[in-house]
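Basis for what follows: all heavy atoms, side chains included, without hydrogens, waters or symmetry-related copies. All residue numbers in this chain count up from 1 along the given sequence.
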Amino acid sequence: MSTSSTLDRTLDPVTFEVLKNAFVTSVDLMSEQILRTCYSFVIYSRDFSSALCDARGNTVMQGSQDIAVHVGTLHFQCKAVIEEFGDDINPGDVFAINDPYRGGTHLNDVSFIRPIFADDTLIAFAQNKGHWADVGGSVPGSFDVTATEHFAEGLRITPVRLWHEGRFLADVAKLLVANTRSPEISMGDLHAQAEATGVCERELHRLVDKYGRDTVTAAMQQVQDYVERIVRQRVAALPDGTWTTEDFLDSDPAKPEGLVPIRVTMSIEGDQLSYDLSGSAPAVASFLNCGYGTAFSGIVAGTKTFFPDVPLNSGLYNAITTELGPEGTVVNAGWPHAVTGFCSGPYEKIMNAIFELWSKIVPERAIACSFNLEYLLIGGRDARDPQNPFFMWYDWMAGGWGGRSSKDGSTATAPVFGVGLAVQPCEGQERLTPVLTSEHSIITDSGGPGTHRGGCGLSKGGVLTDCDNTVMSYCCDRARSLTWGIEGGLPSIPHGVWLNRGTPDEQFLGSVFSNVTVQSGDSFERPSAGGGGYGDPLERDPADVVEDVIDGYVSIERAALDYGVVIDAIDPEIDHYVVDDSKTRQLRTSIRKSRRGWLTTDPAEIAERYRNGELDMLDLIRRYGVIVDWGTGELLPTTTTQFRELLQNRAVQHWN
């Protein structure tokens, strides 16, 4: 394998700008190709990303709509292919990899990597990563919450060649897809993803034909240098210092109840930006762990949010120093720890923690915590078809983002995990699987109260129709480590799935479970949380609270309890509501005098009042800082102590 040398000169500004944007186009063309040719409904809903890498595997450009979770991992996987095959990389080759211990995400995310040659010289790699709905393992969808090692999670693909000098290695491809529950769909996605990389190859050849090989390869290096230079200049303009915060997983199944800390320290010294996650907890006894690639991705994606106009490539990565600590932690689990649930586990916790840190440095762009990514998977046999084929109902929800320093959070928005994710259309799901959607609506009072309210979450329900041998799994978190507010703002609501709610068979399954048997006629529902609030909710303009009531975002009852705003419903049919100014002033004064004391009330007493129906879930969360098992009402004392401490740090100390 030979690599090209870059020109020892700077391109003229016009050529540089044209090629910089052409690289973005070459990647976006891959995205358009995969959307038109993929077989999987999951990939069609935009759970994929693409990248152009240089001959060393460094990212030259990612696409304009790629999902955040793949940011910062694609170059690791490209480098893994280079390390594995060395000089044995040829024109017409295509490689596959999904190995989370070689910088990947989780086993479901399968990458296809094509080397690109010009004049017999390797100049670049094109890569497409897509989420396969199933890669084997112990449960349909390959999301087994109880897995502690990757062997239960499905097929691990170390770097493997699928095309050799243009010849398709069908036996290898069949070996891979035979380990999935839908081999026909997997084979279709395999070809679609590989062909998408071919689109990028053709576009790069067009650029080489027009500008010359040396000019194109020089531009690849210079766009990385350009990004690094911009980031370092902006970091250098900020004050030096060190900031630390924590976010949490709900629990470690192998230990007594209690939140699991993910500690993020950020430092700025001159133009150097550094992160240290080495103070995080040991790996948990479930699949809610991160590999090093996804922890790095969370750092990059969280940082990139505060540099929205900067192109995304390895120049950004070069401007960041990262310390994850030794293997064996929840943010650097290492082989063979299970890591498939990283997306609902540490990943977004890292991102939201970084949002909080940057909110202190750039307060005009501050944002509170956003809702947690969640996946509900139902898999079994589709009895509507005489052949009784496997089906996978694979669903994620939109939810609420955190309140911001100058406005409310976004409602019903894709998770920070991947803003490009599309909400899967119910009609398509119902055609492909024996699951009917019974509800999909905004949840009143789900936005965290604040001077600027968090965006609202959603409730989605469904009913199973004609199915056999069917099980349900759910990957989330934040039933206990709730979506939090900042600068005085309050939390949102817990996640969790209810089965057959309102019937004698009602059961709260929680926010992480696997392999629960379900059958035709069973119903289910689950919420997505809203975002946390920003600022003291007692400082919110009462007129804005009235508008929230009109829009159905806040109930009249919680307007009084959370915001201290007393509203009279004159004629709800025409949205005629009026604030009682006198009672509002009195109530807000009363709440200010009492609310610190509420957070010192005996938690056992509060839990008992919850079980007796005197208090509701939002009273426990927002007034008393008490966390219970939401199915049984059992007090979680350690979690409650930790949760109250979080409220003190993020809310109470900012109240007047």
Side-chain angles (χ1 to χ4, degrees), residues 145 248-253 255-260 372 374 443-449 457 459 461 474 476-485 490-513 516 522-530 532 537 554-562 590-591 594-648 651-652:
V145 169
F248 296 84
L249 301 183
D250 281 353
S251 65
D252 182 341
K255 297 179 180 178
E257 60 90 10
L259 303 178
V260 178
N372 209 72
E374 47 85 75
I443 303 174
T444 301
D445 297 321
S446 59
S459 177
Y474 189 56
C476 189
D477 204 49
R478 293 215 190 274
R480 302 174 183 178
S481 60
L482 305 181
T483 304
W484 34 265
L490 293 176
S492 175
I493 62 174
H495 284 272
V497 177
W498 287 89
L499 186 64
N500 296 318
R501 195 169 194 180
T503 74
D505 298 326
E506 177 180 283
Q507 185 179 3
F508 180 68
L509 300 177
S511 63
V512 282
F513 60 84
V516 173
D522 280 342
S523 63
F524 60 90
E525 62 180 82
R526 94 268 196 191
S528 64
V554 175
S555 66
I556 289 180
E557 178 185 19
R558 295 311 307 186
L561 293 171
D562 294 334
S590 174
I591 292 174
S594 303
R595 56 185 175 178
R596 287 177 173 83
W598 290 332
L599 290 170
T600 64
T601 309
D602 181 6
E605 174 192 335
I606 299 302
E608 179 66 23
R609 293 173 65 188
Y610 173 73
R611 291 191 293 270
N612 291 339
E614 298 175 45
L615 299 172
D616 67 16
M617 179 180 66
L618 294 181
D619 294 328
L620 266 65
I621 293 167
R622 295 173 182 172
R623 286 206 157 190
Y624 299 100
V626 172
I627 303 296
V628 300
D629 181 302
W630 303 111
T632 66
E634 177 188 359
L635 175 67
L636 302 173
T638 301
T639 302
T640 293
T641 298
Q642 294 170 294
F643 184 66
R644 284 183 165 183
E645 182 179 350
L646 294 176
L647 285 176
Q648 290 289 336
V652 176

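The two residues Ala529 and Thr483 make their nearest non-hydrogen contact at CB-OG1, 3.8 Å. The two residues Arg644 and Gly625 come nearest to each other via the heavy atoms CG-O, 3.2 Å. Between Pro494 and Pro527, the closest heavy-atom pair is O-CG, 3.6 Å. Across every non-hydrogen atom of Leu249 and Ser481, the tightest pair is C-OG, 4.0 Å. Shown here for Ile621 and Leu647, the closest heavy-atom pair between the two residues is O-CD1, 4.0 Å.
Around the CD atom of Glu608, the shell of radius 6.0 Å holds more than 12 heavy atoms that belong to other residues, nucleotides or ligands. Atom CD of Glu506 has more than 12 heavy atoms from other residues, nucleotides or ligands within 6.0 Å.
The CD atom of Glu374 lies 3.5 Å from the OH atom of Tyr474; values are rounded to the nearest 0.5 Å. Rounding to the nearest 0.5 Å places OG of Ser251 at 5.0 Å from CZ of Arg480. With rounding to the nearest 0.5 Å, the separation of NE2 in His495 from OG in Ser511 is 8.5 Å. To the nearest 0.5 Å, the span separating OG1 on Thr503 from CZ on Arg501 amounts to 11.0 Å. We find the CD-CD1 distance between Glu634 and Ile627 to be 13.5 Å, quoted to the nearest 0.5 Å. Here Ser555 contributes atom OG and Leu561 contributes atom CG; the two are 8.0 Å apart, rounded to the nearest 0.5 Å.
Of the options Leu482, Val260, Leu259, a side chain to side chain contact (heavy atoms under 4.5 Å, CB included) to Phe248 is made by Leu259 and by none of the others.
The main-chain N or O of Glu614 is never found under 3.5 Å from a side-chain atom of Asn612 such that the two would form a donor-acceptor pair. Checked by atom type and distance alone, the side chain of Ser492 never pairs as donor or acceptor with a backbone atom of Gly532 at under 3.5 Å. Not one N or O on the side chain of Trp630 forms a donor-acceptor pair closer than 3.5 Å with the backbone of Gly496. Although no hydrogens or angles enter the test, the distance criterion places no donor-acceptor pair under 3.5 Å between the side chain of Asn500 and the main chain of Asp522.
Residues Asp250 and Val512 have side chains not in contact (no heavy-atom distance under 4.5 Å, counting atoms from C-beta outward). Between Leu499 and Asp505, the closest side-chain pair of non-hydrogen atoms is not below 4.5 Å. The side-chain heavy atoms of Thr640 and Glu645, taken from C-beta on, include no pair separated by under 4.5 Å. For the pair Gln642 and Thr638, the minimum side-chain heavy-atom distance is below 4.5 Å. You'll find the side chain of Arg595 stays beyond 4.5 Å of the side chain of Arg623, heavy atoms only. Residues Phe513 and Val497 are in side-chain contact: their nearest non-hydrogen atoms beyond the backbone lie under 4.5 Å apart. Counting heavy atoms from C-beta on, the side chains of Arg609 and Tyr624 come closer than 4.5 Å. Looking at heavy atoms from C-beta onward, Arg611 lies out of side-chain contact with Thr632 at the 4.5 angstrom threshold.
With respect to the salt-bridge test (charged N to carboxylate O, under 4.0 angstrom), the residues Asp562 and Arg558 qualify.
For Glu257 and Thr639, the side-chain atoms include at least one donor-acceptor pair closer than 3.5 Å. At a cut-off of 3.5 Å, with distance as the only test, no side-chain donor of Asn372 or Asp477 sits close to an acceptor on the other residue.
Under the 30°/60° scheme for interplanar angles, the aromatic rings of Phe508 and Trp498 are found to be tilted.
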